[in-house]
Amino acid sequence: MKSYYVLKLTFLLCFTTLITLSSNAQSSKKATAIANKVVKAMGGMEHYNNTHFIKWDFAKRTLFWDKWTGDVRIESPENNLVILVNINTLKGKVFKNNLLVQDETKQNELLVKGKNWWINDSYWLVMPWKLQDPGVTLSHVKTETLNNGHTADVLQLTFNDVGVTPENKYYIYVDQTDNLIKQWEFFPNFNDAEPKFILPWDNYQNTGNILLSFNRSKFGPKNVEVSQEMNKTLFAELNYK
């Protein structure tokens with residue numbers, strides 16, 4: 001039963017290698033080979049798919065994610081919001097000021113907002129696992145020397161009808177010594193000459209059977225918890241403790 005749900009959800013969340021082979025025909029062989037090394041260095045795709053729950057803080061939000069079902073809980077004290085949404089179906093509940101949002105139009109707007117938050121916030125955490133998602137094109141653009149003296153392969157990520165901002169572009173710097181991403185550059189538009197930001201990917205930590213970069217030196221996800229068991233009531237009710 002566990003294998004069934006893993007296969008089903010990895011299809012829905014676009015994390016499987018089999019799907020990406022045809023979807024990313026435009027990605028260069030060199031870039032794809034480097035992306036495969038990154039995944040291997042971080043524990044392998046099988047261990048990632050077998051990871052059940054992830055909890056983390058990003059910006060002023062706390063997120064809980066059941067990777068096998070697509071259920072997500074987002075707590076945003078700044079907005080007095082708790083959003084319970086399934087990212088595959090967009091079904092769920094929304095609580096504003098501890099009260100259930102009854103208006104269907106408002107509820108649906110907030111469920112979409114919750115999914116968009118999850119798309120953004122999870123990308124800051126699990127981007128290395130999504131390098132070969134459908135709609136992502138990878139190309140090797142150059143090599144550069146990192147601050148630690150190591151040589152890095154620089155890969156360009158562009159997008160085709162995927163995510164909420166497909167016009168974005170990223171450069172990621174993969175250390176040739178350990179095959180881990182050490183830096184990324186974000187370009188709001190593909191044609192931008194200069195990135196909006198350049199930030200490190202550092203402080204890699206073993207979490208369960210995988211490696212993740214969090215509590216970074218400048219910015220990024222914080223207080224990450226990976227587990228195989230979690231109180232599932234938190235995806236259904238406002239109060240779960």
Could you tell me whether [X] and [Y] have a side-chain N and a carboxylate O separated by less than 4.0 Å?
{"X": "Lys142", "Y": "Glu144", "value": "yes"}
{"X": "Glu237", "Y": "Lys93", "value": "yes"}
{"X": "Asp192", "Y": "Lys196", "value": "no"}
{"X": "Lys182", "Y": "Asp175", "value": "yes"}

Taking all non-hydrogen atoms of both residues into account, name the closest pair between [X] and [Y] and its distance.
{"X": "Lys96", "Y": "Asn79", "value": "NZ-O, 2.7 Å"}
{"X": "Leu84", "Y": "Ala236", "value": "CD1-C, 3.5 Å"}
{"X": "Ser28", "Y": "His140", "value": "OG-N, 3.8 Å"}
{"X": "Trp56", "Y": "Pro221", "value": "CD1-CB, 3.9 Å"}
{"X": "Thr233", "Y": "Tyr240", "value": "C-CB, 4.0 Å"}
{"X": "Ser227", "Y": "Glu229", "value": "OG-O, 3.0 Å"}

Is there a side-chain contact between Leu90 and Val85 in this structure, where contact means two heavy atoms from C-beta onward sitting under 4.5 Å apart? yes
Evaluate the side-chain proximity of Ser76 to Trp117: yes if any heavy-atom separation is below 4.5 Å, no if none is. yes
Atom [atom1] in [X], atom [atom2] in [Y]: separation rounded to 0.5 Å?
{"X": "Phe64", "Y": "Ile54", "atom1": "CZ", "atom2": "CD1", "result": "13.0 Å"}
{"X": "Leu211", "Y": "Asn206", "atom1": "CG", "atom2": "CG", "result": "5.0 Å"}
{"X": "Leu212", "Y": "Trp129", "atom1": "CG", "atom2": "CH2", "result": "7.0 Å"}
{"X": "Lys55", "Y": "Leu63", "atom1": "NZ", "atom2": "CG", "result": "10.5 Å"}
{"X": "Tyr173", "Y": "Thr143", "atom1": "OH", "atom2": "OG1", "result": "10.5 Å"}
{"X": "His150", "Y": "Thr177", "atom1": "NE2", "atom2": "OG1", "result": "4.0 Å"}

Evaluation steps, side-chain contact (heavy atoms from CB on, under 4.5 Å), between Leu157 and Leu131: CA-CA 8 Å; Leu157 282 71; Leu131 296 178; 3.7 Å; yes
Verify the cluster assignment for [X] and [Y]: are they in a single hydrophobic cluster under the rule of side-chain heavy atoms below 4.5 Å apart?
{"X": "Val38", "Y": "Leu146", "answer": "no"}
{"X": "Met45", "Y": "Ile210", "answer": "yes"}
{"X": "Ile198", "Y": "Met127", "answer": "no"}
{"X": "Ile83", "Y": "Phe235", "answer": "no"}
{"X": "Leu81", "Y": "Val112", "answer": "yes"}

List the steps, then state whether side-chain contact (heavy atoms from CB on, under 4.5 Å) holds for Lys30 with Ile34. CA-CA 6 Å; Lys30 183 172 184 178; Ile34 293 169; 4.2 Å; yes
Can you check whether [Y]'s main-chain N or O pairs, donor with acceptor, with [X]'s side chain at less than 3.5 Å?
{"X": "Asp66", "Y": "Phe53", "answer": "no"}
{"X": "Arg73", "Y": "Leu238", "answer": "yes"}
{"X": "Arg216", "Y": "Asp202", "answer": "no"}
{"X": "Gln228", "Y": "Asn50", "answer": "yes"}

According to the interplanar angle, ranging from 0 to 90°, do the rings of Phe186 and Phe197 count as parallel (below 30°), tilted (30 to 60°) or perpendicular (above 60°)? parallel
Apply salt bridge (Lys or Arg N to Asp or Glu O under 4.0 Å) to residues Lys106 and Glu104 and explain how you reach the verdict. CA-CA 6 Å; Lys106 185 62 176 179; Glu104 185 175 353; over 6 Å; no
Please walk me through it: do Asp57 and Asn223 pass side chain to side chain donor-acceptor pair (under 3.5 Å)? CA-CA 6 Å; Asp57 295 333; Asn223 305 317; 2.7 Å; yes
Taking atom types as modelled, is there a side-chain donor on Asn86 or Asp71 under 3.5 Å from an acceptor on the other? yes
Can you tell me if Asn36 and Gln132 form a side-chain donor-acceptor pair at under 3.5 Å? yes
Can you tell me if CG on Asp103 sees more than 12 non-hydrogen neighbours from other groups inside 6.0 Å? yes
Using the benzene-type ring in the case of Trp, are the ring centres of [X] and [Y] under 6.0 Å apart?
{"X": "Phe187", "Y": "Tyr171", "result": "yes"}
{"X": "Trp124", "Y": "Phe219", "result": "yes"}
{"X": "Tyr123", "Y": "Tyr170", "result": "yes"}

Would Tyr48 and Val39 count as a side-chain contact (heavy atoms from CB on, under 4.5 Å) if you check the C-alpha gap in whole Å, the side-chain angles of each, and the deciding distance to 0.1 Å? CA-CA 9 Å; Tyr48 177 72; Val39 170; over 6 Å; no
Using the rule given for side chain to side chain donor-acceptor pair (under 3.5 Å), can you reason through Asn209 versus Glu46, listing the C-alpha separation, both sets of side-chain angles and the distance that settles it, and then say yes or no? CA-CA 10 Å; Asn209 294 316; Glu46 182 177 357; over 6 Å; no
side-chain contact (heavy atoms from CB on, under 4.5 Å) evaluation trace for Lys232 with Leu234: CA-CA 5 Å; Lys232 293 191 176 182; Leu234 64 87; over 6 Å; no
Looking at Gln107, Glu109, Lys115, Lys113, which one forms a side-chain contact (heavy atoms from CB on, under 4.5 Å) with Leu111? Gln107
Val101, Asn108, Ile74, Leu99 screened by side-chain contact (heavy atoms from CB on, under 4.5 Å) with Val94, the one that passes: Val101
